[in-house]
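Written below as structure tokens is the structure these notes are about.
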Amino acid sequence: EHAFSKGFIGYHRISEAPMVIDGKIAVSFVFEFEGMSGSDGTPVHLPGKLFVVAVPNGDAVLSFTCQAPLSHFDQMQATLKEIVSSYHYSPKP
């Protein structure tokens, strides 16, 4: 999380909770930020919230990241959770 948060200005974790995604226990968290570091390192002030979910998948981790402006996030969070919860792994034929 420390390395992840370095890319955000004003990173502040709001919540963390387990979720079940495709029968696997995943971790989800929501954080608020004031801005991000641009590709050239210049700060970009764009306040928002992110909903992040990490799902173990064998030797890897599958991640979902959903972002919304501060003014809309709370009303969109339930929909974002439904979208992420609908994920089902399909092996290649």
Side-chain angles (χ1 to χ4, degrees):
E1 179 181 5
H2 177 70
F4 176 77
S5 67
K6 284 184 172 186
F8 297 92
I9 300 164
Y11 175 95
H12 173 72
R13 186 188 321 185
I14 296 171
S15 66
E16 180 177 339
M19 286 182 73
V20 177
I21 307 292
D22 199 27
K24 297 176 181 153
I25 302 297
V27 63
S28 71
F29 61 97
V30 174
F31 70 90
E32 192 171 305
F33 59 94
E34 296 171 19
M36 298 178 268
S37 297
S39 59
D40 63 354
T42 304
V44 177
H45 294 283
L46 181 65
K49 285 185 182 179
L50 271 164
F51 171 57
V52 179
V53 180
V55 185
N57 189 16
D59 293 338
V61 175
L62 174 65
S63 297
F64 296 91
T65 305
C66 306
Q67 179 179 348
L70 288 174
S71 58
H72 292 85
F73 185 87
D74 292 340
Q75 66 196 51
M76 295 175 65
Q77 188 172 3
T79 302
L80 297 173
K81 282 184 178 182
E82 284 182 38
I83 292 167
V84 171
S85 295
S86 71
Y87 169 80
H88 295 288
Y89 174 75
S90 297
K92 291 183 180 181

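Only heavy atoms go into these numbers, but all of them, side chains included; no hydrogens, no water, no symmetry mates. For this chain, numbers begin at 1 and follow the sequence in order.
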Give the minimum heavy-atom separation between Pro56 and Lys24, together with the two atoms involved. O-CD, 3.1 Å

Going only through I, L, V, M, F, W and Y residues with side-chain contacts under 4.5 Å, is there a path from Ile14 to Val53? yes

Roughly how far, to the nearest 0.5 Å, is CD1 of Ile9 from CD of Glu34? 7.5 Å

Following the transitive rule for hydrophobic clusters with a side-chain heavy-atom cut-off under 4.5 Å over Ile, Leu, Val, Met, Phe, Trp and Tyr, establish whether Tyr87 and Val84 coincide in one cluster. yes

Straight-line distance of His12 NE2 to Lys49 NZ, nearest 0.5 Å: 9.5 Å

Would you mind reporting whether His45 and Phe33 have side-chain heavy atoms less than 4.5 Å apart? no

Any idea which heavy atoms bring Gln75 and Ser71 closest together, and the distance? OE1-O, 4.1 Å

Euclidean distance, Leu80 CG relative to Leu50 CG, rounded to 0.5 Å: 10.0 Å

Quick check: does any side chain N or O of Asn57 sit under 3.5 Å from a backbone N or O of Leu62, one acting as donor and the other as acceptor? no

Within this structure, what is the NE2-CG distance for the pair His88 and Asp22, rounded to the nearest 0.5 Å? 6.0 Å

On a heavy-atom basis, the closest approach of Ala26 and Ala54 is CB-O, 3.2 Å

So how far is it from Gln77 CD to Phe51 CZ, rounded to the nearest 0.5 Å? 6.5 Å

Classify the angle between the aromatic ring planes of Phe31 and Phe8 as parallel (below 30°), tilted (30 to 60°) or perpendicular (above 60°). perpendicular

Is any side-chain heavy atom of His72 closer than 4.5 Å to one of Pro69? yes

Please check: side-chain N/O of Ser5 versus main-chain N/O of Tyr11, any donor-acceptor pairing under 3.5 Å? no

Distance (rounded to the nearest 0.5 Å) between Phe64 CZ and Ile21 CD1: 6.5 Å

